[in-house]
Amino acid sequence: TGAGKTTLFNAFTGLNEYSDGKPFATLSTKVRRVSIKGRPFLISDTIGFIDSLPELLLDAFYTTLGELLYSDLIILVLDISEELEEIKRKLEASLETLSRLSIPFNHLVLAANKIDLIDHEELSGRMKLLSKYGLDIVPISAAKKYGLDELGEKLIEKLPSYVSIRLSVPRNEKEVLEKLKSNCYVRDTFSFNGRIVLYVEGKKEWIDSFIKRNSFVKLA
Ligand SMILES: Nc1nc2c(ncn2[C@@H]2O[C@H](COP(=O)(O)OP(=O)(O)OP(=O)(O)O)[C@@H](O)[C@H]2O)c(=O)[nH]1
Ligand SMILES: [Mg+2]
C-alpha cells in the first residue's frame with residue numbers, strides 16, 4: 001500500500017481517482033481504457049497486498065487479485081524511496097503472492113516509483129541491488145510524471161503479440177462469430193459467398209488456437 005499505484009493509474013488515465021496516502025485507499029478495481037503510444041490498453045488499479053489485511057478487506061483483496069490472472073501484464077509498483085530492506089521485503093512478498101497465483105514473472109514490469117524523493121546515487125545503488133531479481137525495472141515518478149514514456153515503451157515491448165488478420169466464417173456459425181467478436185477487435189466485416197469476412201485484431205495466440213479449434217474458419 002502507498003507505493004503509488006493509484007497515482008500511476010491516474011497519470012495514465014489523466015483522471016483523479018481517490019488517493020490520500022492512507023493505507024488501502026483503493027478497494028475496488030477500476031478498469032479504464034487508455035492509449036499508450038497509440039496502442040489500446042485496458043489498465044486497472046488494484047489494492048495493495050503486502051501489509052496484513054484487516055479481516056473485512058479479505059474479500060476485496062482476493063477479488064482484485066483474481067483479476068491479475070487475466071492480465072497480459074502486471075506493473076508491480078514499489079516505493080524506491082524506502083529503506084532497501086523494506087523494498088526487498090515487499091518485493092519478495094509480492095513475488096511470493098504472484099507465484100502462488102501461478103503468474104509468470106515474465107508478465108511483470110517493476111515500476112520503481114518516487115524517484116523524485118531520492119538522489120541519483122541512491123537510485124543507481126538500489127537499481128543495481130534490485131537487478132539481481134532478473135526483472136524488468138523502470139524508474140519512475142508517478143506524481144511528477146517522470147519515466148512514464150519509458151514505462152509505456154516497456155509495456156508495449158512485453159505485450160503478447162498482437163496481430164491484424166482477415167478471416168472468413170460461414171454465415172450460419174453464429175456462436176463462433178460471437179466468440180470471435182468478443183475476443184477480438186473487429187474492424188470491418190462483409191458478406192461473401194455465404195461467408196462473413198472479418199478484419200480482426202487480437203492476440204496471436206488466441207487467434208491461432210481459434211482457427212485450429214474451428215476448422216471451417218479460413219484465412220481470407
Ligand atoms: N513524492 C512522491 N509521492 C508519490 C509518488 N507517487 C505517489 N506518491 C504519493 O504516495 C501516496 C500514496 O499513493 P497512492 O497512489 O495512493 O498509493 P497506492 O499504491 O495506490 O496505495 P493503496 O491504494 O493504499 O494500496 C500519495 O500521497 C501520493 O501522492 C511519487 O512519484 N513521488
Ligand atoms: Mg491505490
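One-based numbering, in listed order, for ligands and for the atoms of each.
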Are any of the N/O atoms on [X], whether in the backbone or the side chain, positioned under 3.5 angstrom from an N/O atom of ligand 1?
X	result
Thr1	no
Lys114	yes
Lys144	no
Asp116	yes
Ile140	no

Which atoms of ligand 1 have any heavy atom of [X] under 4.0 Å away?
X	answer
Leu117	1 (N)
Lys5	15 (O), 17 (O), 18 (P), 19 (O), 20 (O), 21 (O), 22 (P), 25 (O)
Asn113	5 (C), 6 (N), 7 (C), 31 (O)
Ser141	30 (C), 31 (O), 32 (N)
Thr7	6 (N), 7 (C), 13 (O), 14 (P), 15 (O), 28 (C)

Greater than 12 external heavy atoms within 6.0 Å of Lys158's NZ
yes

If you draw a 6.0 Å radius around NZ in Lys88, do more than 12 non-hydrogen atoms from other residues or ligands fall strictly inside?
yes

Check whether any side-chain heavy atom of [X] lies under 4.5 Å from a side-chain heavy atom of [Y], and answer yes or no.
X	Y	value
Ile87	Ile80	yes
Tyr133	Leu110	no
Arg195	Val169	no

Under 3.5 Å, sequence neighbours excluded: what are the donor-acceptor pairs made by side chains of residues 186-194?
residue: Arg187; atom: NH1; partner: Glu201; partner atom: OE2; Å: 2.8
residue: Ser191; atom: OG; partner: Arg171; partner atom: NH2; Å: 3.2

Checking Asn113 side chain against Ala3 main chain: does a donor-acceptor pair fall under 3.5 Å?
yes

Thr7 backbone or side-chain N/O/S under 2.8 Å from the Mg ion (ligand 2):
no

Roughly how far apart are Lys145 NZ and Ile140 CD1, rounded to 0.5 Å?
11.5 Å

